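Everything on this sheet refers to the single structure shown next.
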Amino acid sequence: MAGEKNLETLLKSMKPQHNIGDYVFCITDDLKKINLEEIILIFKEQEGTTVIIKKELADRLNLDYSFIASWITLTVHSSLEAVGLTAAFSSVLAQDGISCNVVAAFYHDHIFVDQKDIHKAMEILNHFSR
């Protein structure tokens with residue numbers, strides 16, 4: 001099942017959704033202590049394994065983090081081969097000083113922004129659909 005590739009269609013139909021909660025990026029060398037069902041993302045780098053999890057879980061497991069994020073999902077089914085979607089929204093967010101950490105999964109793009117910027121980021125992203 002292929003996702004949408006047309007940039008104009010993607011921008012007009014991305015329909016951002018705010019996933020309630022506070023999320024953090026942590027490094028762990030022991031994934032066994034985390035319930036897989038509670039992990040949003042696992043990514044293995046040379047220096048260590050990054051997990052994105054809810055802040056409450058990180059606190060419960062005494063995992064370190066330095067950035068507390070809000071999570072936005074672009075609900076349009078975007079193709080992994082689509083060109084320009086991340087560049088389009090990240091450049092507009094950057095104009096308002098909003099950093100975004102983007103994760104592309106099979107169906108959707110996910111954006112993690114500083115929790116203080118969530119309302120402005122949602123306003124900006126929703127503007128694309130108007």
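Note that this is a predicted model, so its numbers are computed, not measured.
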Between [X] and [Y], is any pair of side-chain heavy atoms under 4.5 Å apart?
| X | Y | answer |
| --- | --- | --- |
| Thr49 | Ile42 | yes |
| Ile34 | Leu63 | yes |
| His108 | Leu74 | no |
| Ile53 | Val24 | yes |
| Ile111 | Leu125 | yes |
| Ile124 | Gln95 | no |

[atom2] on [Y] to [atom1] on [X], rounded to 0.5 Å:
| X | Y | atom1 | atom2 | answer |
| --- | --- | --- | --- | --- |
| Lys54 | Asp22 | NZ | CG | 8.5 Å |
| Asn6 | Ser79 | CG | OG | 11.5 Å |
| Phe43 | Ile52 | CZ | CD1 | 10.5 Å |
| Asp96 | Lys120 | CG | NZ | 4.5 Å |
| Thr28 | Asp64 | OG1 | CG | 10.5 Å |
| Leu10 | His77 | CG | NE2 | 10.0 Å |

Next item on the list: Verify side-chain contact (heavy atoms from CB on, under 4.5 Å) between Val113 and Ile118, making sure each step is shown before the conclusion.
Entry: CA-CA 7 Å; Val113 300; Ile118 184 61; 4.2 Å; yes
What pair of heavy atoms forms the shortest contact from [X] to [Y], and how long is it?
| X | Y | value |
| --- | --- | --- |
| Asp114 | Phe67 | N-CZ, 3.5 Å |
| Ile98 | Ala121 | CD1-N, 3.9 Å |
| Phe89 | Val102 | CE1-CG2, 3.8 Å |
| Ile27 | Gly48 | CG2-CA, 4.4 Å |

Next item on the list: Using the six-membered ring wherever Trp is involved, compare the ring planes of Phe112 and Phe25 and label them parallel, tilted or perpendicular (cut-offs 30° and 60°).
Entry: perpendicular
[X] and [Y]: same hydrophobic cluster, using ILVMFWY side-chain contacts below 4.5 Å?
| X | Y | answer |
| --- | --- | --- |
| Tyr107 | Leu7 | no |
| Phe128 | Leu85 | yes |
| Ile68 | Ile40 | no |
| Val92 | Met14 | yes |
| Tyr23 | Ile20 | no |

Check: Is there a donor-acceptor contact under 3.5 Å from the side chain of Ser13 to the main chain of Val76?
Finding: no
Item checked: Asp29, CG: over 12 other non-hydrogen atoms inside 6.0 angstrom -> no
Next item on the list: Verify the neighbour count for atom CD of Glu47: are there more than 12 heavy atoms of other residues, nucleotides or ligands below 6.0 Å?
Entry: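 Result for CD/Glu47: enclosed.
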Check: Can you name the side chain to side chain donor-acceptor pair (under 3.5 Å) partners of Glu38, sequence neighbours left out?
Finding: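 By the side chain to side chain donor-acceptor pair (under 3.5 Å) rule, Glu38 matches Arg60.
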Item checked: Pair Thr86, Asp109: side-chain N/O donor-acceptor within cut-off below 3.5 Å ->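 There is no such pair between these side chains.
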